[in-house]
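The structure appears right after this line, and notes come after that.
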Protein chains: 2
Amino acid sequence: MTESSKPRRAQILDSASRLFSERGYHATSMRDLAGELGMQGGSLYAHISGKEELLIEIVNVASQQFDEALFTLRAADMRADDKLREAMHRHIRVVADNMDSATVFFHEWKHLSPEAYARVTGWRDSIDAFYRELITQGVEDGTFRRDLDPRMTAYLVLSAVNWAYTWYRPGGPLTPRNVADSFADMLLGGLRAVPEPPRP
Amino acid sequence: MTESSKPRRAQILDSASRLFSERGYHATSMRDLAGELGMQGGSLYAHISGKEELLIEIVNVASQQFDEALFTLRAADMRADDKLREAMHRHIRVVADNMDSATVFFHEWKHLSPEAYARVTGWRDSIDAFYRELITQGVEDGTFRRDLDPRMTAYLVLSAVNWAYTWYRPGGPLTPRNVADSFADMLLGGLRAVPEPPRP
DNA sequence: CCTACCGATCGGTAGG
DNA sequence: CCTACCGATCGGTAGG
């Protein structure tokens with residue numbers, strides 16, 4: 001399906017994702033958005049009910065993408081380190097494939113109405129819980145160090161995969177798989193040389 | 001110096017940091033800001049030249065804080081792993097002590113005018129360079145694994161320390177030192193149990 | 001999907 | 001620091 005054959009509504013959402021990510025939600029006017037699509041401002045309302053509907057839909061779609069990527073891993077029968085690597089790969093892939101909506105997701109969710117806001121908070125909690133459970137599993141089955149704090153470990157992993165929205169460049173030399181493998185290698189094996197050099 | 005004895009201009013900047021971080025730059029009106037300080041909208045302009053001046057100053061102060069924290073470490077004669085731990089501690093402390101301006105820094109810099117925007121970009125590059133050099137030093141002196149890619153390693157470290165602006169809670173049970181030590185232990189030593197359990 | 005329009009609100013200023 | 005105001009722009013609507 002070429003860009004111009006997409007349903008008008010999908011085109012509007014694509015443009016909105018790009019403009020909201022580049023300029024921010026409040027700094028993007030409905031006339032800016034309409035102009036991108038060769039329309040007049042008022043014409044948008046034949047396709048959507050309002051500006052906030054766009055934000056809600058962008059954020060919801062992004063949440064779903066993360067959910068679908070990670071949820072099927074939850075019960076997977078894999079060793080914890082392999083599962084962590086695969087989760088990071090999928091997570092980074094969602095970010096990399098949706099740089100605009102990921103940016104909107106991380107920056108603009110504070111502008112949502114209370115109900116939509118609560119949904120995003122709930123989603124965040126479920127992703128946190130996914131990583132914490134994964135770490136706990138790995139600690140219990142002996143794959144991970146016993147002194148790990150699942151909460152801090154989950155924060156560290158989430159930092160790595162989420163922050164990618166600020167620096168990853170689709171079409172560049174690094175694939176999501178490259179990034180995930182690099183990060184997972186460092187996280188799992190540690191940065192320090194083995195054996196550790198003697199402290200002078 | 002109590003809050004009310006601070007120069008008016010400093011009070012304005014504090015309130016602006018909080019409002020910009022909570023609601024975003026464009027969603028905060030000058031009347032919102034004035035109201036926080038018990039003023040009328042127009043009265044702000046006796047103290048400042050315009051809205052963007054506030055954003056520029058908040059971002060500049062934040063940049064300076066990061067610079068001052070990290071620059072003195074650059075030439076420090078420490079082993080690379082200790083230096084990394086100390087850099088992470090200082091970096092997280094700046095974030096933790098300035099949660100509002102850090103949030104503004106990470107979210108609102110896209111709204112700066114071209115000159116201020118360029119300054120922020122330059123700053124980002126210098127922080128990146130700091131961490132890359134630190135990694136390179138550690139690889140060369142044998143403290144870090146030889147197969148590390150300084151660029152990816154710097155991204156991983158920066159992810160951990162920057163992302164703290166999304167979840168750290170000042171006044172909570174974790175100090176910046178706790179967070180930095182936890183992250184540094186995991187990053188330097190790795191998550192995997194040693195010796196590694198046999199793969200089934 | 002367009003034209004023409006609505007009330008509301010914006011950042012900023014003049015004059016005191 | 002306030003009152004009163006400016007032009008510009010906002011999201012959204014009516015009628016076609």
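Sequence lines set the chain letters: A, B, ... in the order given, protein chains first and strands last, and positions in each chain run from 1. Predicted, not measured: the structure shown is a model, and the values here were computed from it.
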Study note, to complete from the structure: Closest heavy-atom pair, His26(B) versus Lys51(B), reported as atoms and distance to 0.1 Å, is CA-NZ, 4.0 Å

Study note, to complete from the structure: Residues passing the ring-ring contact (aromatic ring centres under 6.0 Å, His included) test with Tyr165(B), sequence neighbours excluded, are Phe106(B), His107(B)

Report, one line per pair, each donor and acceptor closer than 3.5 Å where one atom sits in a side chain of residues 181-188 of chain B; sequence neighbours left out.
unit_1    : atom_1 : unit_2   : atom_2 : d
Asp181(B) : OD1    : Arg85(B) : NH1    : 3.1
Asp185(B) : OD1    : Arg85(B) : NH1    : 3.1
Asp185(B) : OD1    : Arg85(B) : NH2    : 2.9

Review point. Under the side-chain contact (heavy atoms from CB on, under 4.5 Å) test, which residues partner Glu86(B), sequence neighbours left out?
Key: Leu73(B), Met78(B), His89(B), Arg90(B), Arg177(B)

Check your understanding: Do NZ/NE/NH1/NH2 and the carboxylate oxygens of Glu57(A) and Arg9(A) come within less than 4.0 Å?
Key -> yes

Exercise for review: Give, ordered by number, those residues of residues 109-120 of chain B having at least one heavy-atom distance below 4.0 Å to an atom of DNA chain C; if nothing qualifies, reply none.
Suggested key: none

Study note, to complete from the structure: Between Val104(A) and Ile58(A), the two heavy atoms sitting closest are CG1-CG2, 3.9 Å

Review point. Under a cut-off of 3.5 Å for both distances of each Watson-Crick or G-U pair, what dot-bracket string does DNA chain D give, using [ ] for crossing pairs and | for inter-strand pairs?
Key: ||||||||||||||||

Review point. Could Arg23(A) and Asp32(A) be called an ion pair, given the rule that one side-chain N must be under 4.0 Å from one carboxylate O?
Key: yes

Exercise for review: Please name the pair of heavy atoms, one in Val139(A) and one in Arg145(A), separated by the smallest distance, quoted to 0.1 Å.
Suggested key: CG2-O, 3.7 Å

Would you list the atom pairs, donor with acceptor, under 3.5 Å between side chains in residues 122-129 of chain A and any protein atom, with sequence neighbours excluded?
unit_1    : atom_1 : unit_2    : atom_2 : d
Trp123(A) : NE1    : Ser63(A)  : O      : 3.2
Trp123(A) : NE1    : Asp67(A)  : OD1    : 3.1
Ser126(A) : OG     : Trp123(A) : O      : 2.8

Exercise for review: List in chain and number order the residues that pass ring-ring contact (aromatic ring centres under 6.0 Å, His included) with Tyr117(A), two or more places apart in sequence or in another chain; answer none if no residue qualifies.
Suggested key: Trp109(A)

Study note, to complete from the structure: Expected list for residues 47-59 of chain A near DNA chain D, using heavy atoms below 4.0 Å, is Gly50(A), Lys51(A)

Practice item. With a 4.0 Å heavy-atom cut-off, tell me which residues in residues 27-43 of chain A come close to DNA chain D, sorted by residue number. Key: Thr28(A), Ser29(A), Met30(A), Arg31(A), Gly42(A)

**Study point:** Partner set under ring-ring contact (aromatic ring centres under 6.0 Å, His included) for Phe20(B), not counting sequence neighbours
**Key:** Tyr25(B)

Review point. First and last nucleotide of DNA chain D touching chain A, 5' to 3', heavy-atom cut-off 4.0 Å?
Key: dC10(D) to dT13(D)

Study note, to complete from the structure: Smallest heavy-atom separation, Leu70(A) atom then Phe130(A) atom, equals O-CE1, 3.6 Å

Do any side-chain atoms of residues 95-102 of chain A form donor-acceptor pairs under 3.5 angstrom with protein atoms, and if so which ones, sequence neighbours left out?
unit_1    : atom_1 : unit_2   : atom_2 : d
Asn98(A)  : OD1    : Gln65(A) : NE2    : 2.9
Asn98(A)  : ND2    : Val94(A) : O      : 2.7
Asp100(A) : OD1    : Ser21(A) : OG     : 3.0

Practice item. Kindly indicate whether the side chain of Asn178(A), heavy atoms from C-beta on, has any atom under 4.5 Å from the side chain of Met152(B). Key: no

Check your understanding: When rounded to the nearest 0.5 angstrom, what distance separates CE in Met88(B) from NZ in Lys83(B)?
Key -> 15.5 Å

